[in-house]
There are 2 protein chains.
Amino acid sequence: MSDLLERLRGRGWRMTAQRRVVAEVLDGDHVHLTADEVHARAVTKLPEISRATVYNTLGELVTIGEVLEVSTDKRAKRYDPNAHQPHHHLVCGQCGAIRDVHPVGNPLADLPDTERFGFTVSDVEMTYRGVCPNCAKA
Amino acid sequence: MSDLLERLRGRGWRMTAQRRVVAEVLDGDHVHLTADEVHARAVTKLPEISRATVYNTLGELVTIGEVLEVSTDKRAKRYDPNAHQPHHHLVCGQCGAIRDVHPVGNPLADLPDTERFGFTVSDVEMTYRGVCPNCAKA
DNA sequence: TGCTTGACTTAGACGTTGTCCATTGTAGGG
DNA sequence: CCCTACAATGGACAACGTCTAAGTCAAGCA
């Protein structure tokens, strides 16, 4: 994932310890973390890092398209580092667990022109909802 | 839409002025309002209504399935009174305008078993994103 | 290497959205 | 008409996010 750091440097980003740490956290595992979770993990590596910096950095990563914002949750936004392979989400309504999924077909094609109201449609986000195996047991 | 009021009464709801007003606001037009917008409109009809009551009432309407919660927006939840005809949403990324749309096909069928991870999938929510004609002009 | 500069970071106040709780009010049955 | 359980009130609280003023530092350059 020095990939990501490389790409950022290529964009003229100033490389700071804080930004490096945020990038590392996002790369760490495949969970979709909330901003505060990212902050919590960043703090373990760099105790002085502030919340505002994490929010700023995440926001910048989103605007340049390196990270996706998903709002499956009714509370906080979550950040999805897997921005380069398009995918959708499957959410457990009980515990909030999220998995990445890849439906077949092209949902963009499923929206007829008569249903576009003159919009230029560029993207679609699908959120499947259900109950995960764990919660189904309980 | 005394329809809605009828159905609520049928469910054993105690009918109060506040609940009636909230139902009227939801029925008023087809926009997807935020909770605070609902409150703002309710206040014009019943000045003493409190924010907590609006939130409670909306929450109850959602749990009994008369109203849908949509979170296309990164900020507040919006409430969609059109709960009885399933539909999806088309959102303008610039101005936040929302339209109801009806894609063809059954997106639930587009998720292969191998992509379900043991979940019991019951629902899918699709959010198309793009730019509305108005914002495209500007 | 050491300076300079503007971008970056910080801490904490602030804003918005939403929830909770103790108190007060009231719908609807008897 | 009165009771009583359920609903409404309002104000404190909590979670999430944004903003600002001041300090700090990465990176280019002499």
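As rounded to whole Å, 13 Å separates atom C1' of C:dA7 from atom CE of A:Met15. Across the protein-nucleic acid pair, B:His39 atom NE2 and C:dT19 atom P stand 15 Å apart, rounded to whole Å. B:Arg20 has its CZ atom 13 Å from the C1' atom of C:dG28, to the nearest Å.
In this structure A:Thr34 satisfies the side-chain contact (heavy atoms from CB on, under 4.5 Å) test together with A:Asp36, A:Glu37, A:Ala76, A:Arg78, sequence neighbours excluded. With sequence neighbours excluded, the residues satisfying side-chain contact (heavy atoms from CB on, under 4.5 Å) with B:Pro112 are A:Val104, B:Thr114, B:Glu115. Looking at residues two or more places apart in sequence or on another chain, you find a side-chain contact (heavy atoms from CB on, under 4.5 Å) between A:Gln85 and A:Asn82, A:His102. Annotation: side chain to side chain donor-acceptor pair (under 3.5 Å) contacts of A:Ser122 (sequence neighbours excluded): none. For A:Leu68, the side-chain contact (heavy atoms from CB on, under 4.5 Å) partners two or more places apart in sequence, or in a different chain, are A:Asp80, A:Ala83.
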Tell me, for nucleotides 5-18 of chain D in 5' to 3' order, what letter each nucleotide earns: B for a base near a protein heavy atom under 4.0 Å, S for only sugar-phosphate near one, - for neither?
BBSSBB-----SBB

